[in-house]
K.L.:
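Dropping the structure in here first, questions after.
First the proteins, then the strands, lettered A, B, ... as listed; each starts at 1.
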Amino acid sequence: MPVRIDRQKCDNCGRCLERCGMDIYVRSSGGTVFPRYPRKCVDCTLCVSGCPLHAISMIFPHAGSLPATSGEACHAH
Amino acid sequence: MRTDMDILHTDVLIIGGGAAALAAACAAAETGAGVLLVDAGRPARSGSSATAGGGTAAAFGQTCLGVPGNDDTPEIHFEDTLREGRGINNPRLVNLLVTEILPLVRRLTAAGVPYARTEEGLYYQNRGVGQSRPRNCTPRGNSAALCEWLFKTAAFRGAVSLCRMRILSLLHDGSRVSGAVAMRTDTGEMLCIAAGSVVIAAGSATALMPYASAAFPTWGDAFRLAWEAGAELANMEFLEFTFAPMAAGRVFSCGGSTQLVSRGARFINNAGEAFLERLPGLGSHPTRAALVPAFYREIRAGRGPIRLECASIPAARWEEWAAIGHPLIELLKALYGSGYQHETLAFTPALHCVLGGIVTGEWGETAVPGLFAAGEAATGVHGAARLGGNAIAECLVFGSRAGAAAAAAGGTSRAGVQQAREALEAFRGEESSEPFQAHVALLRQTAWETLGVVRTASELERGQRFFDGMAALAGKSRALSARSLCELLNLRGLALTAQLASRAALERTESRGCHLREDIPDAASRQTEAAWRLNIIFARDGGMCPRRGHAGC
């Protein structure tokens with residue numbers, strides 16, 4: 001899951017839901033906004049920067065591990 | 001799937017949902033015309049604009065990070081743009097860009113777009129890549145905030161928008177474009193749209209390469225629709241590259257690295273050397289067209305990975321940036337948490353945009369009556385490479401002009417459902433067994449190999465043969481389900497883009513701007529510089545044969 005909502009901070013205002021271009025967020029019948037379709041996330045970070053309460057963070061399984069070489073950039077040659 | 005089809009009538013149909021499309025919608029709706037905006041994603045949240053930095057080049061010559069104003073003028077902006085575009089920009093369009101963006105930014109600011117300003121009301125102007133003077137006005141919340149404002153304004157003025165709809169084909173009544181056939185991407189439901197005029201502002205084809213800076217890719221729909229309608233396309237050899245961050249084992253579609261470079265960040269190679277500083281001729285404010293090949297060659301020389309070192313950015317700049325917000329900064333924060341300013345991030349070259357596109361005149365008009373184009377879909381302003389900050393400025397100026405002109409064109413559409421059904425025959429039919437998605441992946445890989453940062457004739461010819469084959473296959477394929485139809489549209493749009501790009505790149509036997517021919521010595525390029533100060537143009541009636549000339553309507 002690439003985004004995480006800090007429930008201590010979130011007031012379910014729905015700003016993330018408005019800003020998401022991929023519609024990964026939904027509001028539950030109880031009013032809670034949550035990332036229902038995280039696999040559709042394209043890491044655009046619009047929800048993170050748009051959250052007025054700074055309640056959303058991006059999470060990466062191997063944060064900080066960088067590729068050993070950037071052969072990807074030149075693999076064609 | 002429903003087989004019947006509804007019809008919608010509108011004065012102006014606008015295809016796209018980024019800054020150019022929304023500016024067009026605002027301008028058209030302001031005249032009182034009926035406006036329908038149709039976007040493949042969500043308006044204001046799709047295409048390249050949503051995740052762009054939002055820097056808008058406007059030569060106010062006002063404050064820059066506490067430094068008082070400078071001597072910037074529209075004339076200097078004009079010269080910068082032509083220098084970066086290596087002399088093949090359309091000067092009439094550039095002149096309109098540099099003069100009209102000033103009142104437009106003032107108007108937007110007065111109406112509520114949060115462009116960053118000092119307490120005295122002066123614009124903060126940062127130096128965009130390649131600019132001789134700091135010229136970028138940036139909205140707080142970046143381009144996303146700007147698009148949001150435009151979208152709300154367009155809606156307030158009465159524009160209606162439909163999201164998650166792809167345009168399959170434009171309709172033509174013999175004398176002018178009269179509407180389009182659209183499909184809902186989730187249900188496959190078809191819709192006939194009868195329109196007095198049509199504005200294509202659907203971006204370019206950033207999905208052409210496996211790595212791109214835009215989070216929401218565009219698939220060449222704009223080029224395909226205009227081409228099939230009979231419009232001219234030009235400058236297709238100019239694919240602009242930038243850098244995309246690599247982290248957590250993958251490449252992120254995230255732009256903005258050149259902004260960091262222009263504010264003091266440095267690219268370092270695997271030996272920790274700031275290699276750009278040892279290269280002659282880059283100057284103190286290198287352009288993107290100079291930065292990317294230098295970066296690419298460093299990796300090819302075995303000195304990768306290249307990392308961006310941000311520690312040299314002064315603290316005051318981080319603070320200012322934190323207030324405005326930026327996708328790359330968010331990524332850095334997410335990866336490293338506090339202290340992210342002192343980390344390094346690996347980068348790879350990635351496609352930024354296609355500078356080529358639909359040939360337009362001063363009002364966004366194309367060679368086809370009733371058809372207009374603006375933004376990344378159009379060509380002419382930037383020439384062989386794009387000056388930082390000119391992209392959003394172009395979207396605002398020419399989006400507005402195209403929207404106003406389309407509303408004034410005011411044709412009466414005779415498009416009907418029967419005509420839409422006939423147009424659908426080119427797409428819908430017995431499901432082909434072709435794996436479209438796999439073909440798209442292969443096409444993107446081949447585009448990366450043959451149309452990448454540096455090019456050679458032999459590789460371009462290999463690519464051209466492949467793209468021709470793929471285009472033929474896509475042309476005769478049909479699909480039934482919404483998903484397959486979307487994949488077929490992706491394949492057709494990208495195949496056409498790649499066909500034209502490889503032909504134009506072969507035709508242009510020199511290096512210019514972001515078109516780098518490694519098989520042609522620099523000395524030879526210098527000798528033929530003046531002779532090549534022209535555009536390579538494709539017209540439908542000329543088949544795939546390029547013509548040399550000066551593009552413009």
K.L.:
So do A:M58 and B:L335 actually touch side chain to side chain, heavy atoms under 4.5 Å?
P.N.:
no
K.L.:
What I want to find out is whether A:E18 reaches B:K152 closely enough, with some N-O distance under 4.0 Å, to be called a salt bridge.
P.N.:
no
K.L.:
Using a cut-off of 6.0 Å, state whether more than 12 heavy atoms not belonging to A:R7 lie near its atom CZ.
P.N.:
yes
K.L.:
Count the heavy atoms belonging to other residues, nucleotides or ligands that lie under 6.0 Å from CZ of B:R483, then report whether that count exceeds 12.
P.N.:
no
K.L.:
Could you report the tightest heavy-atom contact between B:R42 and A:L17, atom names first, then the distance?
P.N.:
NH1-O, 3.3 Å
K.L.:
Given A:D23 and B:R164, is the side-chain contact (heavy atoms from CB on, under 4.5 Å) satisfied, shown in steps?
P.N.:
CA-CA 11 Å; A:D23 293 338; B:R164 309 253 181 258; 2.9 Å; yes
K.L.:
Could you measure the distance from the OG1 atom of B:T51 to the CG atom of A:D43? Nearest 0.5 Å is fine.
P.N.:
11.0 Å
K.L.:
Restricting to non-hydrogen atoms, name the atom on A:L46 and the atom on B:R45 that form the minimum distance, rounded to 0.1 Å.
P.N.:
CD1-CD, 3.8 Å
K.L.:
Contact part of B:E148 toward chain A, heavy-atom cut-off under 4.5 Å: side chain, backbone, both or neither?
P.N.:
side chain
K.L.:
Please say whether more than 12 non-hydrogen atoms of neighbouring residues, nucleotides or ligands are located less than 6.0 Å from CD in B:E273.
P.N.:
yes
K.L.:
Could you tell me which non-hydrogen atom of B:A144 sits nearest to which non-hydrogen atom of A:R19, and how far apart they are?
P.N.:
CB-NH2, 3.6 Å
